[in-house]
Amino acid sequence: MDWAVILAGLLFVIHIVAFIAGGANSVIMPIIGPKIAAATPEVRAQLFDIVDRLAKVGKVAMGTLLVTGLLVLWLKWNWVPPNAVWFWIKMAAIVAMIFCIVQNERNSKLARAGDRDAAKRSQMFGQLTGAAFIIVILSAVFAFS
């Protein structure tokens, strides 16, 4: 067996684990975000602690996905995905996810400063991130099958 095939397979496993870790954020954050707006100061501090921990996992997962995705694309497909149209749809959805995550980070800073409207907006950005995540999943299935 060729070393590139073995390495691509191992990288793909890492890619899937990062995908699961990052995807968990897309499910959990929209649940936590709206609760911050109505929470007491003590509960808000606990929720922000959870959000911070999840955000760190999400950032590591996203970085891992980007690196392993590029490496697998190179090693397994020599930079040419099986279905380029779906691949670029997937990439656009990833850009949308990153945009929503950045906006949610900005909102989080405002919410920590006491802006309750920003905390409410986090639900919207969480839902948009989740929608983009679903598009990433669907387009990946069609791009690489």
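Positions are given from 1, in the same order as the sequence printed here.
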May I have the step-by-step check of side chain to side chain contact (heavy atoms under 4.5 Å, CB included) for Arg121 and Asp117, ending in yes or no?
CA-CA 6 Å; Arg121 282 192 304 270; Asp117 289 332; 4.0 Å; yes
Calculate, to the nearest 0.5 Å, the distance between atoms [atom1] and [atom2] belonging to [X] and [Y] respectively.
X	Y	atom1	atom2	value
Gln46	Lys35	CD	NZ	13.5 Å
Leu71	Lys76	CG	NZ	14.0 Å
Thr129	Ile134	OG1	CD1	11.5 Å
Leu73	Leu11	CG	CG	12.0 Å
Ile32	Asn25	CD1	CG	8.5 Å
Ser145	Asn83	OG	CG	8.0 Å

In short, side-chain hydrogen bond (donor to acceptor under 3.5 Å, both in side chains) pairs touching residues 132-141 with sequence neighbours left out are none
For Trp88, does the CH2 atom have more than 12 heavy-atom neighbours from other residues, nucleotides or ligands under 6.0 Å away?
no
Within the supplied structure, the quantity of interest is the number of heavy atoms (other residues, nucleotides, ligands) at a distance under 6.0 Å from Phe12 CZ; does it exceed 12?
no
Please answer: with hydrophobic residues joined when any side-chain heavy atoms are less than 4.5 Å apart, are [X] and [Y] in the same cluster?
X	Y	answer
Leu128	Ile101	no
Leu70	Ile94	yes
Ile137	Met97	yes
Leu75	Leu65	yes
Phe87	Val72	yes

Arg106 and Leu110: side chain to side chain contact (heavy atoms under 4.5 Å, CB included), yes or no, with the steps?
CA-CA 7 Å; Arg106 290 180 180 164; Leu110 294 172; 5.8 Å; no
If I compare all heavy atoms of [X] with all of [Y], which pair ends up nearest, and what's the gap?
X	Y	value
Asp115	Ala118	OD1-N, 3.0 Å
Ala61	Ala18	CB-O, 3.4 Å
Arg44	Ile36	CG-O, 3.5 Å

Less than 4.0 Å between a side-chain N and a carboxylate O, is that true for Arg53 and Asp49?
yes
Ring-plane angle category for Phe144 and Trp77, please: parallel below 30°, perpendicular beyond 60°, tilted otherwise.
tilted
Evaluate the side chain to side chain contact (heavy atoms under 4.5 Å, CB included) criterion for residues Glu105 and Lys59: first the C-alpha distance (whole Å), next the side-chain angles of each, then the deciding distance (0.1 Å), finally the verdict.
CA-CA 11 Å; Glu105 288 276 327; Lys59 288 174 187 173; 3.4 Å; yes
What's the verdict on side chain to side chain contact (heavy atoms under 4.5 Å, CB included) for Ile98 and Met62, showing C-alpha distance, side-chain angles and the deciding distance?
CA-CA 9 Å; Ile98 292 170; Met62 184 62 83; 4.0 Å; yes
I need the full list of ring pair (Phe, Tyr, Trp, His ring centres under 6.0 Å) pairs touching residues 19-72, with sequence neighbours left out, sorted by first then second residue.
Phe19-Phe133
